[in-house]
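Below, chain A is the first sequence line, B the second, and so on; all start at residue 1.
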Number of protein chains: 2
Amino acid sequence: MTKQEGTATLPSYLTVTNADFEHLTGTEKNKKFFELANTTKNQICPIRDIVARISDKWSVLAIYGLGGYGKLRFNELKHKIGDISQRMLTVTLRNLEADGLITRTIYPQVPPRVEYELTELGHSLMQQLQLFAEWATKNGPEIIYYREKANKVIKDRIA
Amino acid sequence: MTKQEGTATLPSYLTVTNADFEHLTGTEKNKKFFELANTTKNQICPIRDIVARISDKWSVLAIYGLGGYGKLRFNELKHKIGDISQRMLTVTLRNLEADGLITRTIYPQVPPRVEYELTELGHSLMQQLQLFAEWATKNGPEIIYYREKANKVIKDRIA
DNA sequence: CTGCATCCAACTTGATACTG
DNA sequence: CAGTATCAAGTTGGATGCAG
């Protein structure tokens, strides 16, 4: 399947498109997204499903690693991330592959050589993550400041 | 603390700013973000911490609910989300409050009346989530299509 | 109405050992 | 090199009961 705009060639039960909201603005748009995020069609909600995919401990790092350094072998990526276990890198890469976000190329050699690379879809996701990461880099310290302050209050209550 | 640009008035150990990357482009920028997401300063990484905050099962829905409908009482928000338990809504709201993303206002009445509302920081986060949600709405079906196909392959292997 | 405390089942993760 | 298998420990979320 080549990359398509929207939902072409997809199963008919996946009928959520951006036509539903792109004409909306302000509060109405927010309400619409609340509904989109709070509704499941056949057990599936694209928003929550995609958030769940990048929500595990390692997916974002694997995507960034492949996005920043291009095609990488298993152990190259493992060493770049540093503290990931072999098992979790395997699990993470299998999930990303199943979602069409990365490709896995096996070279029939001894010892084996396996290379991973972002797909077009994976690059597209990484660009969205980039926007989010920029926000997090700018605003994260403020959030963490509040969080530490709140923890202090809790400690004071205990004491 | 009023909302500030960047890291003003924050503890000195939180020194990550966007000055480090905003001049970069393309691959170099991707590498920089890999490093930012893969580095911790005093156990803290803003990117991974913020991803972790929105990664639990209910935070995104709570933020969208308050973003779409404004100030809401506890049970109003609970009924809008629908299938959240009382315990998890309480936990979720306490976490968001501790991070400075929502305010909690108690009216000393019997029975009690408590209202929740996004802060400026919370609205800012929701706007970023909106961008991500738009991407997920457009591209989620394609990802889910791949995922279902991959699951089918796994079933075939078992059979 | 709002929320806390407790218990428990399910899921996630990391360590370790083994394999083609 | 690139995995797989297994198990122990930690975490999450839902159900339930109680309280101001």
Side-chain angles (χ1 to χ4, degrees), chain A residues 38 40 43 45 48-49 51-62 65-66 71-99 102-117 150 153-154 157-158, chain B residues 38 40 43 45 48-49 51-62 65-66 71-98 102-117 150-151 153-154 157-158:
Chain A
N38 199 26
T40 57
Q43 322 271 29
C45 169
R48 294 167 84 170
D49 287 352
V51 171
R53 167 56 64 240
I54 63 154
S55 288
D56 63 86
K57 197 170 173 183
W58 303 109
S59 289
V60 170
L61 285 175
L66 296 175
K71 193 182 296 181
L72 287 179
R73 298 181 62 168
F74 184 89
N75 271 336
E76 287 174 338
L77 182 55
K78 183 173 187 299
H79 291 139
K80 287 201 185 302
I81 296 179
D83 58 342
I84 191 173
S85 69
Q86 193 176 47
R87 172 185 142 80
M88 288 316 297
L89 183 55
T90 299
V91 170
T92 301
L93 292 171
R94 289 296 181 284
N95 287 337
L96 295 175
E97 186 194 10
D99 282 4
I102 66 173
T103 58
R104 176 167 177 265
T105 308
I106 309 169
Y107 297 88
Q109 304 173 354
V110 179
R113 171 189 184 84
V114 181
E115 291 183 337
Y116 295 89
E117 192 172 19
V153 170
I154 291 172
R157 280 185 192 143
I158 293 172
Chain B
N38 200 24
T40 57
Q43 321 272 29
C45 169
R48 294 167 84 170
D49 287 352
V51 171
R53 166 58 62 241
I54 63 155
S55 288
D56 62 88
K57 198 171 174 183
W58 303 109
S59 288
V60 170
L61 285 175
L66 296 176
K71 194 182 296 181
L72 288 178
R73 297 181 63 168
F74 184 87
N75 271 337
E76 287 173 339
L77 181 56
K78 183 172 187 300
H79 291 139
K80 287 201 184 303
I81 296 179
D83 58 342
I84 191 173
S85 68
Q86 194 176 53
R87 170 185 142 83
M88 288 318 296
L89 183 54
T90 299
V91 171
T92 301
L93 292 171
R94 288 296 177 284
N95 286 336
L96 295 175
E97 186 194 9
I102 66 173
T103 58
R104 177 168 178 262
T105 308
I106 309 169
Y107 297 88
Q109 305 174 353
V110 179
R113 171 187 181 85
V114 182
E115 290 181 338
Y116 296 89
E117 193 172 18
N151 285 340
V153 170
I154 291 172
R157 280 184 192 143
I158 293 171

At under 4.0 Å, does any side-chain N or O of B:Lys78 touch on OP1 or OP2 of C:dG3? no
Can you list, in residue-number order, the parts of residues 102-116 of chain B that come under 4.0 Å of DNA chain C, counting heavy atoms only? B:Arg104, B:Pro111, B:Pro112, B:Val114, B:Tyr116
For a side-chain contact (heavy atoms from CB on, under 4.5 Å) check, start with the C-alpha distance between B:Glu97 and B:Leu93, then their side-chain angles and the critical distance, and finish with the verdict. CA-CA 6 Å; B:Glu97 186 194 9; B:Leu93 292 171; over 6 Å; no
For B:Leu72 and B:Gly65 the tightest heavy-atom approach is CD1-O, 4.0 Å
What is the distance from atom CD1 of A:Ile54 to atom OG of B:Ser55, rounded to the nearest 0.5 Å? 6.5 Å
Can you name the nearest heavy-atom pair linking A:Thr92 to A:Ala62, along with the distance? CG2-CB, 4.1 Å
Interatomic distance where CZ belongs to A:Arg94 and C1' belongs to C:dT13 [whole Å]: 17 Å
Assign each of A:Ile84 and B:Arg87 the nucleotide of DNA chain C bearing its closest heavy atom; nearer the 5' end lies the nucleotide of B:Arg87
Take the protein atom CD of A:Gln86 and the nucleotide atom P of C:dT13, then report the distance between them rounded to whole Å. 17 Å
Separation of C:dA10 atom C1' from B:Met88 atom CE, nearest Å, is 14 Å
Measure the CD1-OH distance between A:Ile102 and A:Tyr116 for me, rounded to the nearest 0.5 Å. 6.5 Å
Locate the shortest heavy-atom distance separating A:Val114 from A:Arg104; write the atom from each residue and the value. CG1-CG, 3.8 Å
Please tell me which of the listed nucleotides, C:dT2, C:dG14, C:dT13, lies nearest to the side chain of B:Asn75? C:dT2
Rounded distance (Å) that lies between atom P of C:dC11 and atom CG of B:Asp56: 18 Å
Check the distance between C:dT12's P and A:Leu89's CG and give it to me in whole angstrom. 18 Å
Under a 3.5 Å distance rule, please check whether B:Asn38 uses its side chain to pair with a backbone N or O of A:Leu61 as donor and acceptor. no
Specify the separation, in whole Å, of atom CZ of A:Phe74 and atom P of C:dT19. 19 Å
Where chain A begins and ends its contact with DNA chain D, read 5' to 3' at 4.0 Å from heavy atoms: D:dC1 to D:dT6
Provide the closest heavy-atom pair for B:Arg73 versus B:Arg113 in the form atom of the first, atom of the second, distance. NH1-NH1, 3.0 Å
A:Ser85 versus A:Lys78, closest heavy-atom pair with distance: C-CE, 4.1 Å
Please report the distance, rounded to the nearest Å, between CG in A:Asp83 and P in C:dT13. 13 Å
